[in-house]
Amino acid sequence: MFRKLLIPVLLLSTAQSVPTFDVSTPKGIDFVLENSPTPKKYLIETMPGGVALLDYNNDGLLDVFLVNGGKITPNMPEPLNFDRDNPKYWNRLYRQNKDGSFTDVTEAAGLSHAGNGNYGMGVAVGDFDNDGYPDLYVTSYGKNMLYHNNGDGTFTDVTKKAGVEAGGWSESAGFFDYDNDGYLDLFVTRYMEWDPAHNKDCGGFFHTYCPPAEYPATTNILYHNNHDGTFTDVSKASGIAAKKSRSLGVAFNDYDNDGYADIMVANDAMQEFLFHNNKNGTFTEVALDAGVGFTDNGSPVSGMGVDFRDYDNDGLPDVVITDLARQVYALFHNDGNGMFSYRSMETNLGVLTAGSSGWGMRLEDFDNDGWKDLFVVQSHVMDNVDQVTPAIHYLQAPMLAFNRQGHFELGDPGTSMPVASRGAAFGDINNDGWMDVIEAVLGGHPLLFRNRGGSAHWLTLALRGTKSNRDGYGARVLANGQTQFAAAAGSYLSSSDKRVHFGLGSAKTADVEVFWPSGTHQVLKGVQADQILEVREPEKP
Amino acid sequence: MIHAIVLFLAMQAAAQDPAEHQDAGVAALKAAQNDKAIQEFKKAIELDPSSAAAYFGLGVAYMQSREYAAAIAPLKKALVLDPTMSTVHKPLSYALLTAGYAAEAIPQFQISGDKAGMGIAELQTGDLVNAVQNLQGALAERPNDPDMMYYLARATGLLSKQLYDNLLAEYPNSPRANLAAAENYAALRQEQEAEAHYQAALKQRPDLPGAHLALGQLYATESKWKEAEAEYRVEAKVQPGNAEAAYRMGMALLQEGNGAEARVELERANRLLPDMPETLAALGKSEALQGNYAAAEKAWKRVIELEKTGELAAQSHFGLAGIYRKQGKADDAAREMQIFQEAKQPQKQQ
């Protein structure tokens, strides 16, 4: 199977090109991620924030939504406020203009007030009511908020009606359709049981943020979509809440090709979770048995970001988890029998990432050679780690590792400027067929990495579900020996371009197969390269 | 009335007898009535200032009261009055040592033949070479004595530092001085300075035994595996019989994802120094990476035989669970995973 798929991909990769990126804060985006670090080292300060790439007004251009933290003072009075009514601490929506600049439409869109008491974390995007417009789910320390896209450039806070406010400390979230009923459900990771009154100060003389094990673990949440604008918390009934964790990242894919989406959760300094979808509304956590819970030493990593995609073009989704320096980014290869093998070293990620601390990330084909590369935005969690351990750095430049037939080699992400990155979203901002990146930076403006592109061919598919959910999330898409899984979730706290992208190398056409969540199998032969093609799910298979 | 006077006179007569005070002092010492003992011995001395035994008793009473400085004078006087009184030397030596007169205590320890006290006194006077020798002897006699472990560790550490200081002061540009400086910087986690000194040492003596290995370890702590591997390779040429160089090269190769070459080096390390659990654990991993499950199983099982518990044993159980799963041996895999999880129990999350 592996050899059979490898041959066409090798042929495609002969037209290999190395793109470069132009890195800047996009024109018109004046957002600053206000995390409000204090000498008290409140743990929430170092964890935001998310970024989303979505086309909220369906004009064909990706817009940008950025989640803000909030105001924190050294001795926060109860009840917690975070001053979210202050414009400085608003989340922001920026509409992309035709010239590539952006306009702040936060107030006009009705997104200016994130709720006092909610310290912002991340964002998930999905059309939960199948009306054709992407909706927003914003996670927080505090209450989460679901904003329904009204289709006229405005959003309405429907959290209460929908019943998805969660509470506690939520981190990454993602929409997916776990029961293939045509409506997007919602998975929310939560980090720990924490509050300012019980915050701890570690590190002795240096005063550092405490390691996660200092605080009790908590449960993640699964919300089932009731098709009427409301959700039901099925965390217990589904088995998701059977295990407590300190979760930061989530990604979806169907690792055993049984037609149902499974859930990969990145946990901090403890065993990772792989929730296998039992196809009956329940999940079983199988990470240990599947070999994806620990590294090959049986050691946990400080899992933060996660992606769940096929890096070696064998048709099966693999797992990459970003973590802290002195560990290496964990890559688990899907062996095809429900089991994974730890392959960080064999893929050269061990050598490339031992000194790195990673957050937002994605396996995506940035040079369009037919192999998914790895882009990671980086920074250590401790803002004074340089003092404590001089060889490790708080501020770090991003890492781009090009995938050369399963072996990763260092590329140029366009900047060596170190920053404190957190969330990152990935998509084709200018619709040129080359994947771009936007990252959120603690205490700073977001940075956009515009891919200058090259000569290789590409194909981008905009899925439109009919029986399946409108976004087509959960569709398994094959093109010229590559496999993609339609999902905006993954990375850290962020939501990426929902369109499915393929690098085609020197191939000018592609044979495409779409396995829709509804079970419909769609085949498109000889699709012309270098286009963004809407693929509508056939009404009849 | 007459009876009372007789009794009083009898008591006066008794009080005038130094031997009785001496006996009372000894009895009080035995009963840990230190203050009373001091008073009795003082009275005995008052009545018979030539009594070495009374001075000795007084000194011992002060020692027992932890008044070491006060004990010195009566113990010395006892020796003056009776130079043959050998039992005085030991308490006198400890009184002097405890009161800070280490140099003066040494001759007393020499007479009493007390290696432990001698070593401690020499440590305090800076005679580190003799201190190490005497403390090693004392520890051999009392292998479970934490005090002896502490003093020997301190003495060897200070001696080591003293020798390094001498090396650096007297031969500052020698290869060994650079090596010593590099090791100091490495211990202080000042990697750049450490690397510079290692390179300087190797420039002077490219075949300096241990230098490439140490530089490789510095690179390894910084996760610079290719650089570490290169240094280990040179060390393996300089010292082909060095098992650690082979082991560390194998580990570097594993980190680089080169399981096949790692296995060769780890097998070589195991031949040079068999049954090192670290080598076997890594060998198991390299064999598993090559799909040699039987060899991996053998290596990991040997680790478990050698180390019933601990991190390497836990890792080996985890590794065994992995290869059993891949071979479809579900029960064996479950058993090994269960043992792994139990080994990790203290770290188990809430």
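So that the names make sense, note that chain A is the first sequence line, chain B the second, and so on, each numbered from 1.
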Visitor: Just wondering, more than 12 heavy atoms not from B:Tyr185 lying within 6.0 Å of its OH?
Guide: no
Visitor: Between A:Asn267, A:Asp289, A:Asn348, who has the most heavy-atom pairs with chain B when the cutoff is under 4.5 Å?
Guide: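 It is A:Asp289.
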Visitor: Are there over 12 heavy-atom neighbours, none belonging to A:Lys200, within less than 6.0 Å of that residue's NZ?
Guide: yes
Visitor: With a 4.5 angstrom heavy-atom cut-off, which part of B:Lys326 approaches chain A: side chain, backbone, both or neither?
Guide: both
Visitor: May I ask you to list the residues in residues 264-277 of chain B that approach chain A closer than 4.5 angstrom, counting heavy atoms only, ordered by number?
Guide: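 No residue falls under the 4.5 Å cut-off.
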Visitor: Over all heavy atoms of both residues, which pair between B:Phe318 and A:Asp296 is shortest? Give the atoms and the distance, please.
Guide: CD2-O, 3.8 Å
Visitor: Can you tell me how far OG of B:Ser223 sits from CD1 of A:Ile392, rounded to the nearest 0.5 angstrom?
Guide: 8.5 Å
Visitor: When rounded to the nearest 0.5 angstrom, what is the spacing between CD in A:Glu346 and CG in B:Asn258?
Guide: 10.0 Å
Visitor: Can you tell if the side chain of A:Leu288 reaches within under 4.5 Å of the side chain of B:Gln341, non-hydrogen atoms only?
Guide: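 A side-chain contact exists here, since the closest heavy-atom pair is under 4.5 Å.
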Visitor: More than 12 heavy atoms of other residues, nucleotides or ligands under 6.0 Å from OH of A:Tyr342: is that the case?
Guide: yes
Visitor: Above 12 or not: heavy atoms from other molecules or residues under 6.0 Å from OH of B:Tyr171?
Guide: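 12 or below, so no.
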Visitor: Give a yes or no on whether the backbone of A:Thr389 and the side-chain of B:Arg189 come within a donor-acceptor separation of less than 3.5 Å.
Guide: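 Side chain of B:Arg189 to backbone of A:Thr389, a donor-acceptor pair under 3.5 Å: no, none is there.
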Visitor: Does any backbone or side-chain atom of B:Glu191 lie under 4.5 Å from a heavy atom of chain A? Answer side chain, backbone, both or neither.
Guide: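 Answer is side chain: those atoms of B:Glu191 sit under 4.5 Å from chain A.
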Visitor: What's the separation between atom CD in A:Gln271 and atom NZ in B:Lys344, rounded to the nearest 0.5 Å?
Guide: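 These two atoms lie 12.5 Å from each other.
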Visitor: State the CD-OG distance between B:Gln315 and A:Ser299, to the nearest 0.5 angstrom.
Guide: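 The distance works out to 6.0 Å.
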Visitor: Could you tell me which portion of A:Ser341 (side chain, backbone, both or neither) has an atom closer than 4.5 angstrom to a non-hydrogen atom of chain B?
Guide: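 Both backbone and side chain of A:Ser341 come within 4.5 Å of chain B.
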Visitor: Give a yes or no on this: more than 12 heavy atoms of other residues, nucleotides or ligands lie within 6.0 Å of atom CZ of B:Arg176.
Guide: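 Atom CZ in B:Arg176 is packed in, count exceeds 12.
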Visitor: So, do A:Met339 and B:Arg325 sit near enough that their side-chain heavy atoms are less than 4.5 Å apart?
Guide: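 Yes, at least one pair of side-chain atoms sits under 4.5 Å.
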Visitor: Kindly check if the number of other-residue, nucleotide or ligand heavy atoms within 6.0 Å of CG (B:Asn166) is above 12?
Guide: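 Above 12, so yes.
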Visitor: Tell me, for A:Thr295 versus chain B, whether the close heavy atoms (under 4.5 Å) come from the side chain, the backbone, both or neither.
Guide: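 Backbone of A:Thr295 only, per the 4.5 Å heavy-atom cut-off to chain B.
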Visitor: Can you tell which of A:Ala354, A:Gly350, A:Pro390 has the highest number of heavy-atom pairs within less than 4.5 Å of chain B?
Guide: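 It is A:Ala354.
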Visitor: Enter the distance from A:Arg326:CZ to B:Thr221:OG1 here, rounded to the nearest 0.5 Å.
Guide: 6.5 Å
Visitor: What residue, out of A:Ala325, A:Gly298, A:Gly291, has the most heavy-atom pairs lying under 4.5 Å from chain B?
Guide: A:Gly298
Visitor: So which part of A:Asp335 gets closer than 4.5 Å to some heavy atom of chain B, the side chain, the backbone, both or neither?
Guide: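 Side chain of A:Asp335 only, per the 4.5 Å heavy-atom cut-off to chain B.
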Visitor: Does any heavy atom of chain A fall under 4.5 Å from the side chain of B:Leu312, the backbone, both, or neither of them?
Guide: neither
